[in-house]
Amino acid sequence: EAWWEANKPDPLDVTPMDLSVEGIWSCADIIDTTIDLGDAITARVPAFGGKATNMAAMTLIGEDVPTPDCMGIPVYYYNQHMEDNGLWIRYQELTEHADWGDPRARAVLLEGLQDEIKAAPMDPDFLALVVDRVQDDIGEIRTRFRSSTNAEDLGNFTGAGLYDSKSGDWDPTGADMEDAIKKVWASVWYSRAWEERAFWGIDHLAVGMAILVNPTFKDEQANGVAITGNIFDSSGAEPAFYINAQTGENSVVKPEDGDTTDQILYYYPMPGQPVVYIAHSNLVPEGETVLTNAQLYKLGTALDGIHKYFYAVYGTDGGFYAMDTEFKVTVDGELQVKQARPYPGWNAAGE
């Protein structure tokens, strides 16, 4: 305990939730294109969270960066759910529990709060709005509701993996989508999320959960993550994209035991665009690769566009700069980039 207390980072300030933004917004409308991109992103994160805001910005890059149809649900509705059902008060009561100081007991208490969030009734007008907008903008298909808080992508604190994203089938009642949304909201109070925020000095009551909405990808050919910089060379002397790709819907970030991925250094900016395979997927036949040459080139083109577009926002402070992205290759063989966030990387000292 003494070591952790002595080695905590300086507390991170989180801009409070912007509760003035209501409605469900198409991603293309979230970013104010009349002002500086960095200012536009900063202005929208308190309402739509980091993931949805960066995704909204990415949709504006152009055809070289293909993105799925998407919408943003602002934190207004999370806060409404917490207020209408007395859940903010309930959290305060839990913090006064005699066993709150014990991390194991605290985890149990937080799990109870999650159950209460999921059991509490959702505002019917909001649910009707979700049903209508998904039907009109995405279609009567299974939809992904992705976590997007205002307390992520803050310097060296990414918040990656702390919260959950869930999928829901469309139907006129919205029952499955309601269940998915409430599970995403409840994930704010996962023990792992609470403890990580506490370590970084983040005010839990300032954290709001917005949601990024997009279609689910069914029977995809491949998926993966890619960093728009060479993580093995912080000097920038050998610019490359670092790519992890896996076949089908098999997870890259949480692989089954024994699974390996195609790990690639793609020297896209260099003459000849050399491709170096650090490792190969064991889920494709020997001698084959997860991505075709054409798919890899399209991915490289998209990563190059993302890297250049966000540089003015995240890359001008010195040190290593890259964007951390997620991508899919659909059943039709089309590339879709579904996320971009600043990669914490190294500092200016190369550490």
Side-chain angles (χ1 to χ4, degrees), residues 12 14-15 17-18 21 24-31 37-38 40-61 65-79 130 138 143-168 180-181 183-188 190 192-193 196-197 200 202 206-217 223-228 252-254 302-303 306 309-310 313-314 322-328 336-344:
L12 289 177
V14 172
T15 304
M17 291 179 276
D18 180 356
V21 180
I24 298 178
W25 292 48
S26 296
C27 281
D29 297 328
I30 290 175
I31 298 297
L37 178 61
I41 289 175
T42 298
R44 283 308 191 198
V45 167
F48 290 97
K51 185 180 295 179
T53 301
N54 282 320
M55 182 68 189
M58 190 165 58
T59 64
L60 304 176
I61 298 177
V65 183
T67 56
D69 294 332
C70 61
M71 302 181 295
I73 300 175
V75 299
Y76 173 89
Y77 297 101
Y78 165 77
N79 181 72
V130 172
I138 294 178
T143 302
R144 190 71 167 165
F145 297 90
R146 308 183 66 202
S147 60
S148 180
T149 75
N150 59 328
E152 56 193 56
D153 302 330
L154 304 174
N156 286 328
F157 177 78
T158 67
L162 296 184
Y163 311 108
D164 270 0
S165 299
K166 297 293 181 181
S167 298
I181 291 171
K183 285 179 178 177
V184 176
W185 286 343
S187 70
V188 171
Y190 278 161
R192 67 179 186 236
E196 189 75 3
R197 291 195 303 263
W200 286 84
I202 295 173
V207 177
M209 179 63 79
I211 296 178
L212 172 63
V213 186
N214 59 247
T216 57
F217 295 89
N223 75 98
V225 296
I227 298 167
T228 68
V252 170
V253 295
K254 294 182 180 179
L303 296 176
I306 291 167
Y309 183 75
F310 284 104
V313 182
Y314 300 117
M323 297 296 291
D324 185 1
T325 70
E326 294 184 22
F327 65 89
K328 303 280 188 183
Q336 296 277 289
V337 185
K338 65 173 193 172
Q339 182 173 331
R341 70 197 317 162
Y343 181 75

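Just so it is clear, the model here is predicted, and its values are computed rather than measured. Residues take their numbers from the sequence shown, with the count starting at 1.
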Minimum-distance pair of heavy atoms, taken over all atoms of [X] and [Y]:
{"X": "Pro215", "Y": "Pro68", "result": "CD-CB, 4.3 Å"}
{"X": "Pro342", "Y": "Asn54", "result": "CD-ND2, 4.0 Å"}
{"X": "Phe48", "Y": "Ala52", "result": "O-CB, 3.2 Å"}
{"X": "Gly208", "Y": "Met17", "result": "CA-SD, 3.3 Å"}
{"X": "Tyr309", "Y": "Leu60", "result": "OH-CB, 3.9 Å"}
{"X": "Asp18", "Y": "Val75", "result": "O-CG2, 3.7 Å"}

**Message:** Arg146: which residues meet the salt bridge (Lys or Arg N to Asp or Glu O under 4.0 Å) condition with it, sequence neighbours left out?
**Reply:** Glu326
**Asked** Mind checking what makes side-chain contact (heavy atoms from CB on, under 4.5 Å) contact with Leu162, not counting sequence neighbours?
**Response** Phe157, Ala193, Glu196
**Message:** Holding to ring pair (Phe, Tyr, Trp, His ring centres under 6.0 Å), I want the full list of residues that pass it with Tyr77, two or more places apart in sequence or in another chain.
**Reply:** Phe126
**Request:** Could you give me the CA-CA distance, side-chain angles and deciding distance for Asn223 and Phe217, then say whether side-chain contact (heavy atoms from CB on, under 4.5 Å) is met?
**Result:** CA-CA 10 Å; Asn223 75 98; Phe217 295 89; over 6 Å; no
Drop me the distance from [X]'s [atom1] to [Y]'s [atom2], to the nearest 0.5 angstrom.
{"X": "Asp153", "Y": "Thr53", "atom1": "CG", "atom2": "OG1", "result": "9.5 Å"}
{"X": "Met55", "Y": "Arg341", "atom1": "CE", "atom2": "CZ", "result": "13.5 Å"}
{"X": "Leu12", "Y": "Glu152", "atom1": "CG", "atom2": "CD", "result": "13.0 Å"}
{"X": "Thr67", "Y": "Asn214", "atom1": "OG1", "atom2": "CG", "result": "9.5 Å"}
{"X": "Lys166", "Y": "Phe145", "atom1": "NZ", "atom2": "CZ", "result": "13.0 Å"}
{"X": "Lys328", "Y": "Gln339", "atom1": "NZ", "atom2": "CD", "result": "11.0 Å"}

Could you check whether any side-chain N or O of [X] sits under 3.5 Å from a backbone N or O of [Y], counting only pairs where one atom can act as donor and the other as acceptor?
{"X": "Thr15", "Y": "Pro46", "value": "no"}
{"X": "Ser147", "Y": "Val184", "value": "no"}
{"X": "Ser26", "Y": "Ala28", "value": "no"}

Please tell me if the side chains of [X] and [Y] come closer than 4.5 Å, counting only heavy atoms from C-beta onward.
{"X": "Ile41", "Y": "Phe310", "result": "yes"}
{"X": "Val130", "Y": "Met71", "result": "no"}
{"X": "Cys70", "Y": "Lys338", "result": "no"}

**Item:** Pair Val65-Met58, side-chain contact (heavy atoms from CB on, under 4.5 Å): steps then yes or no
**Value:** CA-CA 8 Å; Val65 183; Met58 190 165 58; 3.8 Å; yes
**Item:** Worked verdict on Ser165 versus Lys51 for side-chain contact (heavy atoms from CB on, under 4.5 Å)
**Value:** CA-CA 12 Å; Ser165 299; Lys51 185 180 295 179; 4.2 Å; yes
**Request:** Would you check, one step at a time, whether the test side-chain contact (heavy atoms from CB on, under 4.5 Å) holds for Arg44 with Val21?
**Result:** CA-CA 9 Å; Arg44 283 308 191 198; Val21 180; 3.8 Å; yes
**Request:** Using distance alone, with no hydrogens and no angle criterion, decide if Thr216 and Arg144 have a side-chain donor and acceptor under 3.5 Å apart.
**Result:** no
